[in-house]
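This is a predicted model, so every value here is computed, not measured. Order of the sequence lines fixes the chain letters, A, B, ..., with proteins taken first and strands second; residue numbering starts at 1 for each chain.
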There are 2 protein chains.
Amino acid sequence: MGNESLNILKKFDLRHTDTRENILRGFLSKSAAMSHGDIETILMEGFDRVTIYRTLKTFVDKGIIHKILDDQGGVKYALCNTNCKSGDHHHDHVHFKCSCCGDTTCLDHVQIPSIDLPIGFKRKEINMLVQGICPNCN
Amino acid sequence: MGNESLNILKKFDLRHTDTRENILRGFLSKSAAMSHGDIETILMEGFDRVTIYRTLKTFVDKGIIHKILDDQGGVKYALCNTNCKSGDHHHDHVHFKCSCCGDTTCLDHVQIPSIDLPIGFKRKEINMLVQGICPNCN
DNA sequence: GTAACTGCAAAATATTTGCATCCTT
DNA sequence: AAGGATGCAAATATTTTGCAGTTAC
């Protein structure tokens, strides 16, 4: 068994520090995506804003977490489920934001449907954000 | 014929001012979405940053333009093509961002495909952002 | 020991608010 | 004339950068 967050840090060749371990623990224990503010909250006092920014950046770069944007430009982060590698994210799943509780989640098993683009357009990556009501609020 | 931007202002019950007319002219003459910075550029000097913010907000509220976010959270605006009313936008089309030239456009004729959500989720609104290469850069 | 990581200060950016003045209707 | 719109200053919010000190390996 061992400590899941430690394993992740080791797997991605990152040093083990308190901030990193706690942030990872937060992600592992919560299914919804977290904003910078959410993370500040779970860390309580004693952690530096800047360190959080840098930690999140590091995690995104390594492919441990990915950025999620809502319709208003709000930034959140969530664990990468599949095999994302450094600088190479694969997220062809849908993001869902509940307009009631505000939680944003990755619908890992919902594939983004294919789409017919007009002539001349070449698709590379698709992001899809669905807004509505989640099961908890329904 | 007359002045298109004047007509729009009249239609939406807004006063005719230089800033508004010029910003609208900008939108009408450009097919790609514009960021706050883009607008500052086309207006050249003599216009206040704050006024632009307020003008854009007014236009969004009235349903003249809509906000578009790219994958990095960049904010752009584009004219509403269809019949959007005050506080009630209808944008079931796809947004396309060219990773080459950076232009973001509304693919008005591409409908967002329907999607099967897991049980318990209720869809309200869907946003779709496709990234790739546009015809101009292809 | 050394490179990586943190924490603090400060800079750079982005957006909002208050208020006096000016302009459209 | 009157309310709406603007411009300036300043407040907020968000993210980045520099650097010295600390820590994991």
Side-chain angles (χ1 to χ4, degrees), chain A residues 2-3 5-26 33-62 64-77 86, chain B residues 2-3 5-26 33-62 64-77 86 102 104:
Chain A
N3 185 321
S5 17
L6 286 189
N7 291 340
I8 294 177
L9 289 175
K10 197 166 291 177
K11 178 181 167 193
F12 286 94
D13 243 331
L14 290 170
R15 289 194 179 172
H16 166 219
T17 70
D18 279 0
T19 309
R20 287 177 178 173
E21 185 181 343
N22 279 299
I23 292 182
L24 273 182
R25 232 199 275 286
M34 294 198 294
S35 67
H36 185 276
D38 295 334
I39 292 165
E40 273 188 62
T41 305
I42 66 162
L43 290 185
M44 313 290 285
E45 286 120 47
F47 289 93
D48 191 272
R49 217 187 211 66
V50 178
T51 303
I52 299 175
Y53 276 112
R54 285 195 272 227
T55 302
L56 290 173
K57 192 173 188 317
T58 303
F59 286 178
V60 171
D61 289 346
K62 287 282 178 176
I64 302 175
I65 61 176
H66 63 282
K67 215 175 180 177
I68 304 177
L69 294 149
D70 69 18
D71 61 315
Q72 296 307 305
V75 182
K76 297 196 174 188
Y77 298 89
S86 290
Chain B
N3 184 322
S5 19
L6 286 190
N7 291 340
I8 295 177
L9 288 175
K10 196 164 293 178
K11 177 181 168 194
F12 286 93
D13 243 331
L14 290 172
R15 289 194 178 171
H16 166 219
T17 69
D18 280 358
T19 309
R20 288 177 177 173
E21 186 179 344
N22 279 299
I23 292 182
L24 273 182
R25 233 199 274 285
M34 294 198 294
S35 67
H36 184 276
D38 294 335
I39 293 165
E40 274 189 60
T41 305
I42 65 162
L43 290 185
M44 312 289 287
E45 288 121 45
F47 289 95
D48 190 272
R49 213 186 211 66
V50 177
T51 303
I52 298 176
Y53 277 112
R54 285 195 270 229
T55 303
L56 291 173
K57 190 173 189 318
T58 302
F59 285 179
V60 169
D61 289 346
K62 286 283 179 176
I64 302 175
I65 62 177
H66 63 282
K67 215 175 179 175
I68 304 177
L69 294 149
D70 69 17
D71 60 317
Q72 295 309 303
V75 182
K76 298 196 173 187
Y77 299 89
S86 289
T104 303

Kindly give the atom pairs (protein nitrogen or oxygen, nucleotide nitrogen or oxygen) under 3.5 Å for nucleotides 22-25 of chain C.
from   : atom 1 : to      : atom 2 : distance (Å)
C/dT24 : O2     : B/Arg15 : NH1    : 3.2
C/dT25 : OP1    : B/His16 : N      : 3.2

Discussion item. Nearest whole Å is fine: how far is C/dT15 P from B/Asp48 CG?
Written reply: 15 Å
Worksheet item: Looking for any heavy atom pair under 4.0 Å, which part of the strands does B/Thr19 touch: base, sugar-phosphate only, or nothing?
Response: sugar-phosphate
Response to the item:
Rounded to whole Å, the CD1-P distance (A/Ile23 to C/dT6) equals 8 Å
Item to complete: Decide yes or no for B/Leu56 and B/Lys67: does some side-chain heavy atom of the first lie under 4.5 Å from some side-chain heavy atom of the second?
Response: no
Item to complete: For B/Arg49, answer base if it contacts any base atom (sugar-phosphate contacts may also be present), sugar-phosphate if it contacts only those atoms, and nothing otherwise; contact means non-hydrogen atoms under 4.0 Å.
Response: base
Worksheet entry | B/Arg15: partners by side-chain hydrogen bond (donor to acceptor under 3.5 Å, both in side chains), with sequence neighbours left out | none
Worksheet item: Just how far is it from atom NZ of A/Lys76 to atom CD1 of A/Ile39, taken to the nearest 0.5 Å?
Response: 10.5 Å
Worksheet entry | Separation of atom CD1 in B/Ile52 from atom C1' in C/dT16, rounded to whole Å | 15 Å
Item to complete: Kindly compute the distance separating CD1 (B/Ile52) from OH (B/Tyr77), expressed to the nearest 0.5 Å.
Response: 11.0 Å
Worksheet, complete the sentence: Heavy atoms of B/Leu69 and A/Asp71 approach each other most closely as CD1-O, 2.6 Å
Item to complete: Quick one: pull up CZ in A/Arg25 and CG in A/Leu43 and give me the separation to the nearest 0.5 Å.
Response: 11.0 Å
Fill in: Residue pairs passing the salt bridge (charged side-chain N to carboxylate O under 4.0 Å, His left out) test where at least one lies in residues 46-55 of chain A, sequence neighbours excluded
A/Glu40-A/Arg49
Find every protein N or O atom lying less than 3.5 Å from an N or O atom of nucleotides 18-21 of chain C, and list the pairs.
from   : atom 1 : to      : atom 2 : distance (Å)
C/dG18 : O6     : B/Arg54 : NH2    : 3.4

Fill in: From CG (B/Leu14) to CZ (B/Phe59), nearest 0.5 Å
6.5 Å
Worksheet item: Side-chain donor-acceptor pair under 3.5 Å between A/Ser35 and A/Asp38, yes or no?
Response: yes
Fill in: Net bend of the helix from C/dG1-D/dC25 to C/dT25-D/dA1, end axes of five pairs each, nearest 10 degrees
30°
Fill in: B/Asp61 (side chain) donor-acceptor with B/Thr58 (main chain) under 3.5 angstrom
no
Item to complete: Grab the NE2-P distance between B/His36 and C/dT15 for me, whole Å please.
Response: 7 Å
Discussion item. Nearest 0.5 Å, please: how far is CG in B/Leu9 from CD in B/Glu21?
Written reply: 7.5 Å
Fill in: DNA chain D: 5'-most and 3'-most nucleotides touching chain A, 4.0 angstrom heavy-atom criterion
D/dT14 to D/dC25
Item to complete: Assess whether side-chain contact (heavy atoms from CB on, under 4.5 Å) is satisfied between B/Phe47 and B/Asn22, documenting all intermediate values.
Response: CA-CA 10 Å; B/Phe47 289 95; B/Asn22 279 299; 3.7 Å; yes
Worksheet entry | Nucleotide C/dT6, atom P - distance to CZ of A/Phe47 in whole Å | 10 Å
Fill in: Validation row: B/Leu24, B/Ile64 side chains within 4.5 angstrom (heavy atoms)
yes
